Number of protein chains: 2
Amino acid sequence: MVSDASPAPAKTPVTLREVAALAGVSVATASKALNGQGRMTAETRERIRETAQRLGFRPNSLAQSLLRRRSFTVGLLTNDTYGRFSLPVMSGISDALVDNGVSVFLCNVEDDQRLGQLHVDAMLDKRVDGIIATGKRIDRHLPVDLSNLGVPVIYAFTQPDPGAIAFVSDDAGGARLAVEHFCRLGRRRIAHVTGPASFAVVHARAQAYRDVLTEKGLPVMEPLLGSWSEAWGHQAVKQLFDGKLSKSGGEKPDAVFCGNDQIARGVIDALRERGLDVPDDVGVIGFDNWQIVAEATRPPLTSVDMNLAALGREAGLTLLSLVGGEPAEPGIRKLPCRLVVRQSCGRPPDG
Amino acid sequence: MVSDASPAPAKTPVTLREVAALAGVSVATASKALNGQGRMTAETRERIRETAQRLGFRPNSLAQSLLRRRSFTVGLLTNDTYGRFSLPVMSGISDALVDNGVSVFLCNVEDDQRLGQLHVDAMLDKRVDGIIATGKRIDRHLPVDLSNLGVPVIYAFTQPDPGAIAFVSDDAGGARLAVEHFCRLGRRRIAHVTGPASFAVVHARAQAYRDVLTEKGLPVMEPLLGSWSEAWGHQAVKQLFDGKLSKSGGEKPDAVFCGNDQIARGVIDALRERGLDVPDDVGVIGFDNWQIVAEATRPPLTSVDMNLAALGREAGLTLLSLVGGEPAEPGIRKLPCRLVVRQSCGRPPDG
DNA sequence: CGCGATTGGGAAAAGGTTTTCTCAGAGGAG
DNA sequence: CTCCTCTGAGAAAACCTTTTCCCAATCGCG
């Protein structure tokens with residue numbers, strides 16, 4: 001197909017000087033010809049272009065970067081080895097940047113300060129145009145100091161330094177989406193089973209949960225905090241359906257909004273085990289929309305998606321505009337979640 | 001703590017020239033002083049070192065790379081967006097390289113040929129010292145041609161070009177580990193439930209399964225091929241325990257070796273649902289040791305771990321030695337798996 | 001004291017590209 | 001025919017560091 005377009009698979013890359021020599025011009029002229037700069041006869045320009053093509057010339061980025069003080073490279077810091085959250089973010093960032101000809105240095109800093117410094121130094125030495133920090137929690141710092149680095153920094157799905165630019169998911173909004181969906185479906189007694197109190201998102205979502213129920217005049221059951229595990233989902237069902245629900249009468253929940261998909265999985269399994277039908281008896285909504293989990297529950301799980309890839313994209317594009325010298329308001333931007341409806345909530349009463 | 005070690009957070013990085021000027025020497029001398037080269041009085045060397053330290057001088061990698069023809073950078077190609085397999089591999093690679101001062105370009109090529117070419121070109125332009133290709137299957141090529149690139153290439157957990165150097169997991173060995181473990185525990189009727197026939201590993205593992213059983217004189221049940229899902233695990237249990245097991249008599253299996261952890265999860269759930277105890281009635285072993293799944297099954301799942309991080313490390317180190325000019329035998333290296341014993345198999349009869 | 005050897009340090013080239021200046025020649029106008 | 005203005009293209013500096021070679025000064029020895 002491209003038989004003539006893949007010429008010398010150069011053992012040693014061909015330089016501009018060689019192109020110039022072969023085309024019978026100076027390197028200066030060759031450079032200008034290939035970059036569409038300067039003035040010369042169309043014929044000269046074309047001859048140089050052709051020669052470059054024939055030789056398979058590709059400019060040495062290192063040399064270009066050195067001169068332009070711009071490397072078309074950014075550093076991506078993460079402490080998320082497991083990758084469930086950072087992977088979509090990274091993927092989004094990468095997409096946004098690659099489309100703009102920018103490469104990404106992947107730097108896994110774990111939670112190790114020494115490693116963090118090592119990576120930041122390496123990035124700076126390699127003259128990255130900017131840095132994006134991402135993590136597995138939006139209420140924890142990466143183990144690195146990114147202030148006063150001399151290059152723009154963007155935080156994506158991790159705790160930012162004050163005065164920095166950050167993108168995070170709108171957890172409260174996501175929770176509203178879920179609870180309001182339950183309300184629309186006519187559920188009246190909506191419980192909330194979520195993760196440990198040490199997570200900021202737990203409180204943000206719980207508060208949104210309370211707010212929606214209060215607005216709608218529905219009973220608020222105190223959120224059940226536990227761990228992010230299936231096991232906790234099981235246990236929570238026991239508490240919800242065995243225990244005497246003290247203040248709010250003896251009625252059992254007809255819906256459970258879960259803090260993540262694993263909890264939801266545990267909840268669904270436990271409900272089935274005690275003979276309750278999902279969604280007919282109890283509706284369940286998860287959080288994270290972790291596809292592999294959400295699609296393996298029976299029935300498949302409706303879940304809140306944080307749009308992490310879009311968040312990454314946004315972060316990448318913003319960094320690029322920063323690198324380009326455009327100004328940007330500091331602050332935290334909360335990006336909306338979306339509800340991915342599967343079959344764990346049932347259909348509207350009228351539908 | 002490091003109050004004096006973080007001096008001018010340079011808006012514009014300080015160059016060697018400035019260090020030299022301030023220390024009252026030439027750039028040549030300054031360079032030699034900082035690199036431990038050349039000859040000069042200890043006092044001169046120390047003075048230059050001090051000045052550099054004080055100014056926060058860090059050599060410009062771009063300039064160094066240009067000169068040395070070595071960028072201390074490698075490209076990492078992957079097509080695994082989801083990351084379950086490639087993430088540990090990448091993590092291992094990254095660790096191995098970072099410890100050696102080498103940075104990693106992350107390049108997600110999806111299954112898009114155009115994207116692949118884009119990334120490879122960008123990497124080559126940026127003069128990476130080498131390339132590592134990794135993927136989600138060891139029997140599929142990445143959508144890129146990595147032959148005759150002029151830089152060393154290593155394949156890790158993806159299908160290599162002929163004559164290349166590749167690291168993959170020893171799937172047959174891993175399967176042996178599992179089946180032999182069952183044998184040691186006194187299980188006699190061991191079934192194998194695995195993924196689709198289109199995967200090479202399915203056949204490799206199935207053959208090892210057959211081999212071990214034959215060696216031990218145990219009955220071989222034809223492996224059940226399906227999908228990599230929990231649902232298939234459920235269904236397979238139905239086939240195994242309802243159906244008339246044609247040739248091998250009516251006996252039910254007392255052990256199931258599963259092709260991955262999700263299948264195992266489905267198998268365990270299905271067994272429990274039909275009142276069979278794991279591990280007392282039936283032992284189960286999974287594959288992949290996907291922690292989040294293996295620890296969520298009840299009981300926790302014994303599983304074969306492919307040691308992907310170690311595989312990545314190995315690949316990274318090998319690439320480094322290649323870059324360093326050391327020769328290496330082409331061919332495919334199979335790295336051993338290990339069995340992670342949890343509670344889904346029970347204890348030995350004597351223990 | 002003279003000569004060779006050693007020592008401390010600098011000048012310059014190299015690496016590949018971009019960009020600014022400069023310049024020779026051609027063309028046109030007067 | 002002369003002068004001015006373009007036009008096309010090249011020389012050279014710049015980016016920053018490393019390394020090779022070189023030189024001046026000092027030292028030691030006879």
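Bear in mind the structure is a predicted one, so any value in this text is a computation, not a measurement. Reminder, nothing fancy here: chain letters follow the sequence lines and each chain counts from 1.
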Any [X] side-chain nitrogen or oxygen under 4.0 Å from OP1 or OP2 of [N]:
X     : N      : result
B/N35 : D/dT18 : yes
B/T44 : C/dG8  : no
B/S31 : D/dT18 : yes
A/T29 : D/dG10 : yes
A/R45 : D/dA9  : no

Where the side chain of [X] is defined as all heavy atoms beyond and including C-beta, which of [options] is the nearest nucleotide?
X     : options                : value
B/S26 : C/dA11, C/dG16, D/dG10 : C/dA11
B/V25 : D/dG10, C/dG10, D/dA14 : C/dG10
A/A28 : D/dA12, C/dA11, C/dT17 : D/dA12
A/R17 : C/dG15, D/dT17, D/dG10 : C/dG15
A/L16 : D/dC16, C/dG8, C/dT18  : C/dT18

Practice task
Name the residue closer to the 5' end of DNA chain C, choosing between B/L66 and B/K32 according to the nucleotide with the nearest heavy atom.
Solution key: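 Checking each residue's closest nucleotide, the 5'-ward one belongs to B/K32.
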
Exercise for the section: Assign each of B/M40 and A/Q64 to its nearest nucleotide of DNA chain C by heavy atoms, then name whichever residue's nucleotide is nearer the 5' end. Expected result: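 Result: B/M40.
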
Practice task
Could you walk me through whether B/F105 and A/F105 pass the ring pair (Phe, Tyr, Trp, His ring centres under 6.0 Å) test, one step at a time?
Solution key: CA-CA 5 Å; B/F105 278 127; A/F105 277 127; 4.2 Å; yes

Which whole-number value in Å describes the distance from [X] [atom1] to [N] [atom2]?
X      : N      : atom1 : atom2 : value
B/L67  : D/dC16 : CG    : P     : 14 Å
A/F72  : C/dT17 : CZ    : C1'   : 14 Å
B/I48  : D/dT17 : CD1   : P     : 14 Å
B/R68  : D/dT20 : CZ    : P     : 13 Å
B/R39  : D/dT19 : CZ    : C1'   : 14 Å
B/R70  : D/dT17 : CZ    : P     : 19 Å
B/E18  : D/dC15 : CD    : P     : 11 Å
B/R127 : C/dT17 : CZ    : C1'   : 11 Å

Practice task
Considering non-hydrogen atoms only, spot the tightest contact between A/V98 and B/L115 and give its length.
Solution key: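 In terms of heavy atoms, the two residues are closest at CG1-CD1, 4.3 Å.
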
Going by atom types alone, do [X] and [Y] pair a side-chain donor with an acceptor below 3.5 Å?
X      : Y      : result
A/D121 : A/Q117 : yes
B/S26  : B/T29  : yes
A/S91  : A/S94  : no

Problem - Test applied, side-chain hydrogen bond (donor to acceptor under 3.5 Å, both in side chains); reference residue, B/K126; option that passes from A/S61, A/S103, A/S65 - result: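 So, applying the side-chain hydrogen bond (donor to acceptor under 3.5 Å, both in side chains) to B/K126 and each of A/S61, A/S103, A/S65, only A/S103 qualifies.
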
Exercise for the section: Would you classify B/T41 as touching base, sugar-phosphate or nothing, given that sugar-phosphate means primed atoms plus P, OP1 and OP2, and contacts are heavy atoms under 4.0 Å? Expected result: sugar-phosphate

Practice task
Assign A/S65 to base, sugar-phosphate, or nothing according to its heavy-atom contacts below 4.0 angstrom with the strands shown.
Solution key: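 No contact.
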
